Amino acid sequence: MKYLMFPEGKIDGKMIPVNVIFLNVKDIEAAGMTQDEAIHEVAKRHMEPTAINVFDMDACTTTSDGICIEGAIVRMGASDRGRVNPDFGILPMYGFDFTEERLETERHLIQWKKLFPERRLFRGPDPSKKIIPIHNVVISGRASNNNSATEMMNIITMDEVLYPILGQLESQRGGDLLVGWTGETMSVGIGMTVAEQFGRVFPHPQFKAGQTAHNSGDYAKTLKQWIPCIVADKKTMAKYIIRALDCGCVPGRDIGCSPLNLCTACALGAEIDFDNIADSSWAELNSVGITREALEKPLNLSPAEVIARADELLPGIEDAKKYKASELIREYEL
Amino acid sequence: MKLLHTKLPDFMKKMYTAATRKYPEKTISIRGLESLHSAKFQSLRTGRIEKAVEEMADREDVASIDFVVLPRVPETMHTVAVKGLDENGKVIKVVLEVMNILHPTEEVEFGDCTDIEDHRPPIGLH
């Protein structure tokens, strides 16, 4: 069975504290293993703290700010010194089939209906099936794979990396990646979630589009500021956000009011629900220079122009260097 | 019901005694309880742990014991109390928050050892 890995180590002075391994459900099935067996077998090959994410590319998921995308993590694992903790080392995600009822409480899922309703949707685990009380996390020894496998840590050195879902998908598809510091703007954006059942971070619907989960004013921009981050490049992000806007999603109402969603909508001249964005969200957005006054002056560019000029127009991580995924990702054979 | 739970100082003393009673030359270091100032320990497990410490000390190839207390569930939930005091030290305002802390699991303590006996009951079946 072939598998891919982003290895631990320093890149451009930034410490990636764990290996991140990508397994594919089809490869696991072809090898005649269960997903748990595959996680254990792969773990034995790597002594470093390691996150092991099992992907189903025929499923779909959402980003924390409500963008629907193809490909999903269906099970997450953590290993250290080749071991997987028997109680806390593996956790499956919950799979939904499309139903109209889900749209009533999760308006961003209109994308799911319009784009690929035949795909199963996975975000976080079923909270009744996990024994860690709060975090959607697996832990083995030093290795922690958190927030439904998008935030990995070495709990002893306390180093951490953010590896959002689009970055993980581009890593496997051979796309372009940015490696940098999370920075102030993305630190704010991480809190601009949508309310979801069995979500990546929150088990039950909590912080709706327009609200901030961080709710900490000027402090929000500092929360993840100095954590290394591996993300898809801005052109890829713009492409998916524009698709969500084309599905009728409005930032601040249907999808999160993250800086990236707001700035993409502003560049296109798409609708933003300014009045539904909470004062606490505006306080955090203003702290990184994103103001209602500026967003109310749309650029009215075409989608192609926005994608072409994404590096210039859209906010993102800091001190970032662009890589081809093939420069960073190693392939292994079990 | 004096024997139901063990006081923190008694628990520490019991572990030192179990390790050194027969072998005064052997040593034990206890880690993981440093932030506790007052606490009661489950007596049933206290006895079993004393027994485990004594049996470890009984081994001829063991010169010292490293005794580590880790959270069984590697996420602990804590209340944070932010207290405002007046100039006389009287509490005049309290804000309560919650903080969930992630910890490493027991594998960090194993080194290369493969001789591991797990006496813990499964989670939820204590």
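Order of the sequence lines fixes the chain letters, A, B, ..., with proteins taken first and strands second; residue numbering starts at 1 for each chain. The structure displayed is predicted, hence computed values, not measured ones. Any value given below was found using the heavy atoms of this structure, including those in side chains, with hydrogens, waters and symmetry copies removed.
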**Message:** Is it the case that atom CZ in B:R120 sees more than 12 heavy atoms from other parts of the structure closer than 6.0 Å?
**Reply:** yes

**Request:** Please say whether more than 12 non-hydrogen atoms of neighbouring residues, nucleotides or ligands are located less than 6.0 Å from CG in B:D86.
**Result:** yes

**Prompt:** Looking at A:N146, A:D80, A:V137, A:I132, which has the largest count of heavy-atom pairs under 4.5 Å with chain B?
**Reply:** A:I132

**Message:** Please output the residues of residues 97-113 of chain B in contact with chain A, using a heavy-atom cutoff of under 4.5 Å, in numerical order.
**Reply:** B:N100, B:L102, B:H103, B:P104, B:T105, B:E106, B:E107, B:V108, B:F110, B:G111, B:D112, B:C113

**Prompt:** If you count the non-hydrogen atoms of other residues, nucleotides and ligands that lie under 6.0 Å from CG in B:D115, is the total more than 12?
**Reply:** no

**Prompt:** Where does A:R142 contact chain B at under 4.5 Å (heavy atoms): side chain, backbone, both or neither?
**Reply:** both

**Asked** Looking at A:I155, A:I131, A:N154, which has the largest count of heavy-atom pairs under 4.5 Å with chain B?
**Response** A:I155

**Asked** Is the number of heavy atoms from other residues, nucleotides or ligands within 6.0 Å of NZ (A:K208) greater than 12?
**Response** no

**Prompt:** Should we say atom NZ of B:K90 is surrounded by more than 12 heavy atoms from elsewhere, each under 6.0 Å from it?
**Reply:** no

**Asked** Could you state the interatomic distance from NZ (A:K130) to CD (B:E75), rounded to the nearest 0.5 Å?
**Response** 6.5 Å

**Message:** Using the side-chain contact (heavy atoms from CB on, under 4.5 Å) criterion, which residues pair with B:P121? Sequence neighbours excluded.
**Reply:** B:R45, B:H126

**Complete:** Heavy-atom nearest pair, A:F88 first then B:V73, reads CZ-CA, 3.8 Å

**Request:** Give, as side chain, backbone, both or neither, the part of A:N85 having an atom under 4.5 angstrom from any heavy atom of chain B.
**Result:** both

**Item:** Heavy-atom proximity to chain B below 4.5 Å, by part of A:I156
**Value:** side chain

**Message:** Using a 6.0 Å cut-off, check whether atom CE of A:M1 has over 12 heavy atoms from anything other than its own residue.
**Reply:** yes

